[in-house]
Undergrad: 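Okay, handing you the structure first.
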Amino acid sequence: MFLIGLTGGIGSGKSTVADLFQALGAAIVDTDQIAHQLTAPQGAALDAIVATFGGQMLTAEGALDRDKMRVAAFGNPALRHQLEHILHPMIRAQARQEIMRSSAPYALVVVPLLVERGGWKDEVDRIAVVDCPEAAQIERVIARSGLSAEQVRAIMATQATRAQRRAVADDVIDNNDAPGDLSEQIEHLHLRYRAYAANLRTIGR
């Protein structure tokens, strides 16, 4: 299947963009949603997480305490790498299964840290970056999460810069608070991706 890696910084609007593509018939494979499934109560990753970090990293309901893990891993690369070593292979395996099951003409794999972590860059056919000014990112994250501006900036400091994301992008999607313009961009890209996918199937025959 023709694959597009969809990425962007925190608050850039990746979910909104993915929803618009899905409405047009694209398959959406969201690696963050998969991570939530794997770390929910009875999730497939929990045994390994508990064995590595201890039961104190679980909520009373038996899910990964994401806030506690985020605080522990923030600024601790070794701990973060341990968690990634557990989760990333599982996320990749489930994402591939979802892609294989889809009958859509093409799929978008939503990978928030595609630029920072690599991996998926070698598996997708194109990279689409959702882009907006940093001030808009901060405002959106504050509105939805209640974090302070300083906390949002600290998270952004751990992510790739706008310039770094744009440097690897095959397609840049401008999401600067213009809904009509955003829909028009997605419709244009959808037609292009369908054409790419049809050409790939023709070559495959």
Side-chain angles (χ1 to χ4, degrees), residues 2-21 26 28-36 66 69-89 91-92 95-96 99 106-145 147-178 181-182 184-186 188-190 192-193 196:
F2 188 76
L3 297 180
I4 299 97
L6 181 69
T7 193
I10 185 173
S12 60
K14 296 180 294 297
S15 296
T16 299
V17 168
D19 288 345
L20 289 170
F21 273 109
I28 304 298
V29 178
D30 191 323
T31 59
D32 213 23
Q33 288 183 7
I34 293 174
H36 276 80
R66 294 173 69 89
M69 180 63 78
R70 187 180 298 112
V71 170
F74 196 79
N76 187 334
L79 191 151
R80 187 175 68 248
H81 291 158
Q82 284 181 295
L83 181 63
E84 291 173 352
H85 184 72
I86 294 169
L87 286 178
H88 285 188
I91 292 171
R92 193 179 299 274
R96 288 181 178 135
I99 292 167
Y106 66 90
L108 274 84
V109 184
V110 185
V111 187
L113 299 180
L114 184 147
V115 176
E116 294 86 339
R117 300 290 185 267
W120 279 103
K121 285 194 290 187
D122 297 325
E123 298 197 29
V124 299
D125 298 289
R126 292 183 75 81
I127 295 174
V129 169
V130 186
D131 182 63
C132 69
E134 292 182 356
Q137 290 180 252
I138 295 169
E139 183 178 338
R140 291 169 185 167
V141 177
I142 290 174
R144 79 184 185 203
S145 69
L147 294 175
S148 68
E150 291 73 20
Q151 288 173 311
V152 179
R153 290 192 186 96
I155 294 171
M156 291 170 62
T158 68
Q159 299 183 342
T161 65
R162 288 181 73 189
Q164 289 170 330
R165 282 190 291 267
R166 292 175 70 99
V168 303
D170 297 295
D171 305 298
V172 176
I173 300 168
D174 182 7
N175 187 25
N176 190 19
D177 292 323
D181 179 58
L182 181 62
E184 185 176 333
Q185 291 179 73
I186 301 310
H188 176 75
L189 284 173
H190 171 68
R192 187 192 300 176
Y193 293 158
Y196 289 152

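Please read all numbers here as calculations on a predicted model, not as lab measurements.
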Undergrad: Take atom CD in Gln82; do more than 12 heavy atoms of anything else shown fall under 6.0 Å from it?
TA: yes
Undergrad: For residues Leu147 and Ile155, determine if any side-chain heavy atom of one lies less than 4.5 Å from a side-chain heavy atom of the other.
TA: yes
Undergrad: Do you know the tightest heavy-atom contact between Cys132 and Arg140?
TA: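 So the minimum-distance heavy-atom pair works out to SG-NH1, 3.4 Å.
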Undergrad: Could you go step by step and tell me if Ile4 and Asp170 meet the side chain to side chain contact (heavy atoms under 4.5 Å, CB included) rule?
TA: CA-CA 10 Å; Ile4 299 97; Asp170 297 295; over 6 Å; no
Undergrad: With rounding to the nearest 0.5 angstrom, report the CG to CG distance, Asp174 to Asp181.
TA: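 So the gap between those two atoms works out to 6.5 Å.
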Undergrad: Of the non-hydrogen atoms in Asn176 and Pro133, which two are nearest, and what is the gap between them?
TA: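 It is OD1-CD, 3.5 Å.
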Undergrad: Are the side chains of Val168 and Gln164 in contact, using a 4.5 Å heavy-atom criterion?
TA: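 Result no, sub-4.5 Å side-chain heavy-atom pair not found.
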Undergrad: Just jot down the salt bridge (charged side-chain N to carboxylate O under 4.0 Å, His left out) partners of Arg153, sequence neighbours excluded, or say none.
TA: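 If we apply the salt bridge (charged side-chain N to carboxylate O under 4.0 Å, His left out) test to Arg153, skipping adjacent residues, there are no hits.
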Undergrad: Does a salt bridge link Lys14 with Asp32, judged by any charged N lying under 4.0 Å from a carboxylate O?
TA: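 No, no charged N to carboxylate O under 4.0 Å.
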Undergrad: Taking CZ in Arg66 as the centre, count heavy atoms belonging to other residues, nucleotides or ligands within less than 6.0 Å. Is the count above 12?
TA: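 Above 12, so yes.
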Undergrad: Which class fits the ring pair Tyr193 and Tyr106: parallel under 30°, tilted 30 to 60°, perpendicular over 60°?
TA: perpendicular
Undergrad: With rounding to the nearest 0.5 Å, note down the distance linking OG in Ser15 to CG in Leu20.
TA: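 Interatomic distance, Ser15 OG to Leu20 CG, rounded to 0.5 Å: 11.0 Å.
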Undergrad: With sequence neighbours left out, write down each residue that passes salt bridge (charged side-chain N to carboxylate O under 4.0 Å, His left out) with Asp30, or none if nothing qualifies.
TA: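 Asp30: no salt bridge (charged side-chain N to carboxylate O under 4.0 Å, His left out) contacts found.
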Undergrad: Backbone N or O of Gln159 within a donor-acceptor pair of the Glu116 side chain at under 3.5 Å?
TA: no
Undergrad: Out of Ile34, Leu108, Val111, which one pairs with Val29 under the side chain to side chain contact (heavy atoms under 4.5 Å, CB included) rule?
TA: Ile34
Undergrad: Between Val141 and Met156, is there a side-chain heavy-atom distance shorter than 4.5 Å?
TA: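 In short, these two side chains do not touch, never coming nearer than 4.5 Å.
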Undergrad: Are Phe21 and Val110 packed together at the side-chain level, in the sense that at least one heavy-atom pair is separated by less than 4.5 angstrom?
TA: no
Undergrad: For Val115 and Lys121, work out which heavy atoms get closest and say how close.
TA: O-NZ, 4.0 Å
Undergrad: Quick one: does Leu6's side chain get under 4.5 Å of Ile28's, heavy atoms only?
TA: no
Undergrad: Do the side chains of Thr31 and Leu113 get nearer than 4.5 Å, heavy atoms only?
TA: no
Undergrad: Using every non-hydrogen atom in the two residues, find where Ala35 and Ile91 come nearest and quote the distance to one decimal.
TA: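 Looking at all heavy atoms of both residues, the closest pair is CB-CD1, 3.8 Å.
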Undergrad: Tell me if a side-chain donor or acceptor on Asp125 pairs with a main-chain N or O of Leu3 at a distance below 3.5 Å.
TA: yes
Undergrad: Identify the heavy atoms of Leu79 and Met69 that sit nearest to each other, and give their distance.
TA: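 Leu79 and Met69 have their closest heavy atoms at CD2-SD, 3.7 Å.
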Undergrad: Less than 3.5 Å apart, any donor N or O on the side chain of Arg92 or His88 sitting next to an acceptor on the other?
TA: no
Undergrad: Given salt bridge (Lys or Arg N to Asp or Glu O under 4.0 Å), test Arg165 with Asp131 step by step and report yes or no.
TA: CA-CA 9 Å; Arg165 282 190 291 267; Asp131 182 63; 5.7 Å; no
Undergrad: Go through the steps for Ile99 and Glu123 under the test side chain to side chain contact (heavy atoms under 4.5 Å, CB included), then give the verdict.
TA: CA-CA 12 Å; Ile99 292 167; Glu123 298 197 29; over 6 Å; no
Undergrad: Does Gln137 use its side chain to pair, donor to acceptor, with the backbone of Ile10 at less than 3.5 Å?
TA: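 Yes; at least one donor-acceptor contact below 3.5 Å.
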Undergrad: Around atom NE2 of His81, are there more than 12 heavy atoms of other residues, nucleotides or ligands at under 6.0 Å?
TA: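 More than 12 within 6.0 Å, yes.
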Undergrad: So which atom in Ala169 and which in Val129 form the shortest heavy-atom distance, rounded to 0.1 Å?
TA: CB-CG2, 3.5 Å
Undergrad: Kindly compute the distance separating CD1 (Ile173) from CD1 (Ile186), expressed to the nearest 0.5 Å.
TA: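 That separation rounds to 4.0 Å.
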